[in-house]
Amino acid sequence: MPAIFTYNKKEKLKSKKLLDELFTQGNSFVVFPIKIFFKVVENKLPDTTIQVGVGVSKKYFKHATKRNRIKRLLRETYRQNKLSLHELLNNNNKQLTVFFLYIDKELISYQTLENKMKIAIEKLIKQLS
RNA sequence: CUACAAACCCGAACUAUCGUGCUGUGGCAAACAGUAAGGAAAGUCUGGACAACACAGAGCAAUUCACCAGUGAAUAGCUGGUUAUGUUUUAAACAUAAAGAAAGUGCCACAGAAAAUAACUACCUGCUUUUGCAGGCAAAGGUGAAAAUGUAAGGUAAGAGCUUACAAUAAGGUGUAGUAAUAUACUUUAUGGGUAAACCUUGAAUGUUGCAAUGCCACGUAUAGAAACGUUUGAGAACUGCUCGUUCAAGUUUCAGGGUAGGCAGCAAAUGAUUGUAACAGUAAUGUUGCAACAAGAUAAAUGAUAGUAAAAAAACAGAAUCCGGCUUACGAGGUUUGUAGUUAC
RNA sequence: GGUCCUGUGGCCGAGUGGCUAGGCAGAGCUCUGCAAAAGCUUCCACACCAGUUCGAAUCUGGUCGGGACCU
């Protein structure tokens with residue numbers, strides 16, 4: 001029985017090439033305070049159907065602790081709500097790269113961020129299908 | 001008891017569920033077990049470890065430090081002591097980048113006669129005759145941050161450390177105390193401002209560059225282009241920054257363009273300037289010995305979410321990136337000590 | 001991660017320890033029938049905190065910004 005709510009090394013978006021492609025060629029939309037970049041790729045991801053990255057601007061949060069806090073919340077909310085996205089990709093046999101960028105200047109609570117993340121993932125599914 | 005200030009201590013517990021990095025066990029798949037951020041991880045101000053290069057020589061430059069002793073791997077640290085100054089305040093405490101201004105050079109605005117071989121007014125002598133000229137002198141003169149050590153007497157034409165007495169400061173000598181800085185007594189000499197966080201002098205020290213160092217593996221590209229200089233008439237390179245000197249030397253430099261942007265070691269610890277603890281030595285910093293323990297290691301970069309546990313809360317400053325010592329800066333709640341103020345009781 | 005540089009009005013930019021130049025911009029006036037140009041006047045500054053000094057934009061230390069280089 002494989003774990004469902006995971007977010008391990010394989011699922012992280014690390015390759016600089018894929019990131020460059022995502023930001024230059026990919027599509028994007030905003031569910032405030034999250035900006036979502038996504039791009040459908042073909043046969044470039046080993047052993048997984050999706051790779052996800054998170055980020056915060058150093059401009060808005062100067063201290064590393066606060067940036068870490070935001071990134072952890074983003075990872076956690078994605079982890080808790082990613083199930084429907086995975087099902088869609090497995091059914092259609094697609095591969096996807098996504099990047100969640102936090103664009104607010106204030107810290108956020110877990111509950112509100114989770115709600116936003118649910119909306120964002122629904123919207124992403126809609127755009128894909 | 002309350003409030004404020006300072007110093008020190010401490011600085012995010014435990015359980016369950018879902019997840020993350022690393023390590024181990026696992027047909028190396030699932031899974032399980034272990035472990036996982038600070039006192040400042042910060043600033044990069046400092047001292048090292050470690051690594052690469054260099055290590056025939058000479059000179060110059062540059063940088064750092066500066067009372068004494070101790071401590072330590074160590075050169076801005078720490079501990080104890082000494083002197084001076086300042087602040088609070090009258091008796092101690094606290095703070096201070098504490099060699100040299102009698103080696104030399106520079107600077108000292110404005111004001112003031114004069115800011116450093118002092119001479120405008122004044123005073124005295126001589127000449128002249130009103131005016132002034134020559135010489136002497138440095139007591140008095142409103143300034144200034146700073147004015148040639150102060151007081152008294154003698155002395156003189158007038159005066160003057162010119163002489164004497166007392167006092168102050170500085171330097172030397174001798175004795176005493178102390179490891180020493182220094183203190184103190186006696187004695188001799190001097191009384192030529194301040195500034196070295198101005199140049200500088202003296203003493204001590206420093207090879208350069210930093211893990212983006214460095215070694216190895218894999219993959220890929222253009223046996224491609226242009227310009228300049230050059231092959232004994234020596235471009236250029238090494239010997240640290242410069243010069244001399246020495247050695248090597250046939251390619252070197254710049255521009256435009258192309259490719260890659262992966263991995264392993266360094267690097268994460270059972271032998272280390274390690275951590276904890278106890279005893280001993282020392283005023284202390286610190287050291288010695290015994291016992292116990294091995295404790296993050298990522299690379300778009302790991303610690304989170306939810307619920308519960310004591311009345312409640314889990315907060316401030318803040319996130320390791322080769323590793324240690326120190327300094328500096330930021331900081332909540334609580335505790336301890338000291339001080340100040342107020343209130344209550346005796 | 002490491003090595004360095006820098007901070008002067010709204011903007012640019014001089015400044016041997018002794019009153020912070022100058023230009024552009026802004027405001028007012030003159031000139032003009034009205035504007036522009038020109039002229040005159042005016043306004044607004046040494047990043048912050050300590051120390052050295054009689055006196056600090058300048059010298060020294062610390063703090064906070066901004067920037068450059070090394071792969």
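Heavy-atom basis, side chains included; hydrogens, waters and symmetry copies ignored.
Base orientation of B:rG39: syn, since the glycosidic angle falls within 90° of 0. B:rG24 shows a glycosidic angle more than 90° from 0 and is accordingly assigned anti.
Checking B:rA302, B:rG319, B:rU306 against the side-chain heavy atoms of A:Thr65 singles out B:rG319 as nearest.
Note: NZ (A:Lys82) to P (B:rA305) measures 19 Å, nearest angstrom. One can place CD1 of A:Ile70 at 14 Å from P of B:rU303, the figure rounded to the nearest angstrom. Per the geometry, CD belonging to A:Glu76 stands 14 Å off C1' belonging to B:rA302, to the nearest Å. Atom NZ in A:Lys66 sits roughly 18 Å away from atom P in B:rA42 (whole-Å rounding). Rounded to an integer number of Å, the gap from A:Leu73 CG to B:rG304 P is 10 Å. Atoms CG (A:Asn81) and P (B:rA305) sit 15 Å apart, rounded to a whole Å. Spacing between atom CG of A:Leu74 and atom C1' of B:rA305 amounts to 13 Å, rounded to whole angstrom units. As a whole-Å value, the separation of A:Arg72 CZ from B:rG21 C1' is 12 Å.
A pairwise comparison of heavy atoms in A:Lys116 and A:Val31 identifies O-CG1, 3.9 Å as the closest pair. A:Ser28 and A:Lys35 make their closest contact through OG-CE, 4.0 Å (heavy atoms, listed as atom of the first residue, atom of the second, distance). Across every non-hydrogen atom of A:Ala120 and A:Ile36, the tightest pair is CB-CD1, 3.7 Å. Nearest heavy-atom pair, A:Arg67 versus A:Val56, reported as atom, atom and distance to 0.1 Å: O-CG2, 3.8 Å. Summarising the geometry of A:Lys39 relative to A:Leu96, their closest heavy-atom pair is O-CD1, 3.3 Å, with the distance given to 0.1 Å. Closest approach of A:Arg79 and A:Lys82 over heavy atoms only: O-CG, 3.8 Å.
Where A:Val54 and A:Asn68 each meet RNA chain B at their nearest nucleotide, the meeting point lying more 5' is that of A:Val54.
The P atoms of B:rG276 and B:rC324 are separated by 13 Å, rounded to the nearest whole Å. Rounded to whole Å, the separation between the P atoms of B:rA115 and B:rG106 comes to 16 Å. Atom name P, nucleotides B:rA146 and B:rG86: the rounded distance is 15 Å, in whole Å.
Here A:Arg67 lies out of heavy-atom contact (under 4.0 Å) with every strand.
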Pairs: protein N or O with nucleotides 313-316 of chain B N or O, under 3.5 Å:
none

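Note on A:Arg79: every side-chain N or O is 4.0 Å or more away from OP1 and OP2 of B:rU20. Side-chain nitrogen and oxygen atoms of A:Arg69 include at least one within less than 4.0 Å of the OP1 or OP2 phosphate oxygen of B:rA305. Within the structure, a side-chain polar atom (N or O) of A:Arg75 is placed less than 4.0 Å from OP1 or OP2 of B:rA301.
You'll find the side chain of A:Phe37 stays beyond 4.5 Å of the side chain of A:Val98, heavy atoms only.
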